[in-house]
Number of protein chains: 2
Amino acid sequence: MKEVTLKQIAENLGISITTVSKALKNYPDVSKKTKALVKEEAKKLHYKPNVFAVNLRTKQSKTVGLIIPEVVHHFFSSVVNGIIEHAEKKGYLVIILQSNESYKLEQKQIDLLISKRVDGIMISLASNSTDISHLQEVRDLNIPMVMFDKISKLIDCSKIIINDRKAAYVATKHLIDSGCKRIAHFRGALLPQNSIDRFLGYKKALEDHGIQYDPSLVYICERVDYKDGIEAAKKLMSEHDDIDGLFCITDLVAIGAISVFNDNGIKVPDDISIMGFSNWFISSAITPSLSTIDQPGYKMGKATFKTLLKEMKAKRKELPFKPITKVLETKLVVRNSTK
Amino acid sequence: MKEVTLKQIAENLGISITTVSKALKNYPDVSKKTKALVKEEAKKLHYKPNVFAVNLRTKQSKTVGLIIPEVVHHFFSSVVNGIIEHAEKKGYLVIILQSNESYKLEQKQIDLLISKRVDGIMISLASNSTDISHLQEVRDLNIPMVMFDKISKLIDCSKIIINDRKAAYVATKHLIDSGCKRIAHFRGALLPQNSIDRFLGYKKALEDHGIQYDPSLVYICERVDYKDGIEAAKKLMSEHDDIDGLFCITDLVAIGAISVFNDNGIKVPDDISIMGFSNWFISSAITPSLSTIDQPGYKMGKATFKTLLKEMKAKRKELPFKPITKVLETKLVVRNSTK
DNA sequence: TTAACAGCCGAAAACGTTTTCGATTTTTTA
DNA sequence: TAAAAAATCGAAAACGTTTTCGGCTGTTAA
């Protein structure tokens, strides 16, 4: 049971390997008759080109790499969804790696992808990635790369993002518009740009609407998850009793907070209005359903791959490529956790 | 700016390519002195082997394929997590494909993976995959394959599963033990084995405990999601008023049902006890928190890859490999939606 | 009749690695 | 000191494809 190769077909037909190869790829200097013959024989033998040889010869793998902080995560899995669907359509396969929010791992994985010779790399940074020499290496090797969501401004490459600051502004403004006067904010860790930007949007909205910014109303959620939300809410309750609005950096944090309020007889949204962020789909399934900002994960994945594709094409044709930055629209989603 | 190759190193050192190759791989017939020289030079030039050439020569890609019905799904993303983590440790990369529960797509993707010459394939079947000729092809080509969670009994390969029937039995028994007499079941579609097995477990538990099985208490949720849960719950409410227990095929269905009961003044668990299935982590975040069956996604991913690895190793050594079936333990998780 | 040309085909190099096997040198043994 | 054994190296084939370039045939134009 041997592999079917060009050689095999050539021998069967009594012609050269060259002609077989060219016939299968519709080169103009092969007669219609031979083309038909070759194609028929290829089909008969179930010929499939050996990708290993093709890769070696063409110097491309038709494979792209994707690094995300977490796989088990609604937003990122939506991005993955958008990416692999469009990649497959264009004949590319996707290798997925998870940095676990670790800078060290991220660095290793970049090396892995480079040594695997993927045609391009898509990455959303780990929160603690401040050193970016590994990313610079990708640029230096002239490997197409697109960053999305969690990006670094220090690297010159294409970027697909949302305007976190603006979105947070809209979220906070919605709380203000619905009558909230004392609005707390559960923010993320101090370093990640997302966390900073959302905080700044919150602050700006307050200031623009005549509400004094009060640092004691801002709580830090390091891991930005359900438990963080619970703890921050408990702390908030013990330290303040006049809060009527809360903007959380994540739906998950918001859900944690809601559960605390539910347990303590604080009515949402009557006593306190709550905004989440992401529109993780479970936010429509809790009680009360959560008002939030829709973060378009699928679209981001799609745009990320399409941009990478352009860059890969340009590279193959040895054309210059100017990195672009695309800002995707977010949407305010009003449900029952706000008035 | 040329690529660094073995040839390059050989020329620099005035020795042969063969020796360089062997030195880097610690062949015994290279002197310590040359080895040191070669390694030093390799490091100096940042030599990285060309995987394309290695693949061609060794006939393996050190890459495995993974096909799942859905990426944006808590259980499957947990499996993905378990797989890619352990694969990376062993030097394998993972290509992820999503069948979108479509048999047609699944078939194409298998072909894709075959033509990419992955070293092995892991797959959880689409619900409507009854024809399994594409899987048989994988077997025929002697490509290592492991099926997990949604499997087909007709294919002779390794399988990693849970005992759905037993788990459903435990879930239903928990309802019975806590005093429920009239227990409804929101099941999945008619075809998928999971759906059938969970239904059978439910039925068996009733029968074993002297409760008459009543077909009118079983509702079908085609898509097994939140909306299905809502609709089934509404229907249940309109058709029956004596239900005191409900076992749902999925946490998501259960959450949908709970929201309906919440809205209609039906107290959970006082009026009706509810069991989910999966222990999707949001189930601890809703009110009331959901009692459920823990389905070990991460462990399943880990076991799936490890089994595949064994099979790949056996193949390389041309040893026979006897497919195994591993049944992972599930756990009853009691929270506040049951008494 | 010759030159030019189009149409068709194949030899051969190249991609970069791995591995077999034989050659050469050095060391050990008798 | 000669023979045997060990240590070290390299030539070359192989993996299967793509592509350049030149050759051959037969037709057309001058």
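Within every chain, numbering begins at 1; the chains are lettered A, B, ... in the order of the sequence lines, protein sequences first and strands thereafter.
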Colleague: Rounded to whole angstrom units, what separation is found between the NZ atom of A:Lys62 and the P atom of D:dT17?
Modeller: 18 Å
Colleague: Go through C:dG16, C:dT19, D:dT17 for me and flag the one nearest to the B:Leu56 side chain.
Modeller: C:dG16
Colleague: Determine, for B:Lys22 against B:Asp29, whether the closest basic-nitrogen to carboxylate-oxygen distance falls under 4.0 angstrom.
Modeller: yes
Colleague: Does B:Ser16 contact D:dA11 through a side-chain donor or acceptor facing the base, at a distance under 3.5 Å?
Modeller: no
Colleague: Under 4.0 Å, counting only non-hydrogen atoms across every strand here, what does A:Thr18 touch: a base, just sugar-phosphate, or nothing?
Modeller: base
Colleague: If we count only N and O atoms by modelled type, under 3.5 Å, do the side chains of B:Lys116 and A:Thr63 hold a donor and an acceptor together?
Modeller: yes
Colleague: It should be established whether A:Thr58 places a side-chain nitrogen or oxygen under 4.0 Å from OP1 or OP2 of nucleotide D:dT17.
Modeller: no
Colleague: State whether a side-chain donor-acceptor pair under 3.5 Å links A:Gln98 with A:Gln109.
Modeller: no
Colleague: Do A:Ser16 and A:Thr19 get their side chains close enough for a donor-acceptor pair, meaning under 3.5 Å?
Modeller: yes
Colleague: Look at the side chain of A:Lys22 and the base of C:dG10, then say whether one donor and one acceptor between them are separated by less than 3.5 Å.
Modeller: yes
Colleague: Between atom CG in B:Asp29 and atom C1' in C:dG22, what is the gap in whole Å?
Modeller: 12 Å
Colleague: Distance criterion of 3.5 Å, no angle test: do you see the side chain of B:Ser31 paired donor-to-acceptor with the base of D:dA7?
Modeller: no
Colleague: Between B:Lys7 (NZ) and D:dA12 (P), how many Å, whole number?
Modeller: 15 Å
Colleague: Could you please name the option among D:dG10, C:dC9, D:dT19 that lies closest to any side-chain atom of A:Lys25?
Modeller: D:dT19
Colleague: With respect to the phosphate group of D:dT17, does any side-chain polar atom (N or O) of A:Tyr47 fall under 4.0 Å of OP1 or OP2?
Modeller: yes
Colleague: Which whole-number value in Å describes the distance from A:Leu24 CG to C:dG10 C1'?
Modeller: 16 Å
Colleague: Atom CG of B:Leu13 and atom P of D:dC9: how far apart are they, to the nearest Å?
Modeller: 11 Å
Colleague: Just the rounded figure in Å: distance from P of D:dC15 to CZ of A:Phe52.
Modeller: 15 Å
Colleague: Taking only side-chain nitrogens and oxygens of B:Ser21, does any of them come within less than 4.0 Å of OP1 or OP2 of C:dT19?
Modeller: no
Colleague: Decide yes or no for B:Ile83 and B:Leu66: does some side-chain heavy atom of the first lie under 4.5 Å from some side-chain heavy atom of the second?
Modeller: yes
Colleague: To the side chain of B:Val54, which of D:dT17, D:dT20, C:dT17 is closest?
Modeller: C:dT17
Colleague: Over how many whole Å does the gap from B:Lys59 atom NZ to D:dT17 atom P extend?
Modeller: 10 Å
Colleague: B:Leu6 has an atom CG; how far is it from atom C1' of C:dT19, in whole Å?
Modeller: 13 Å
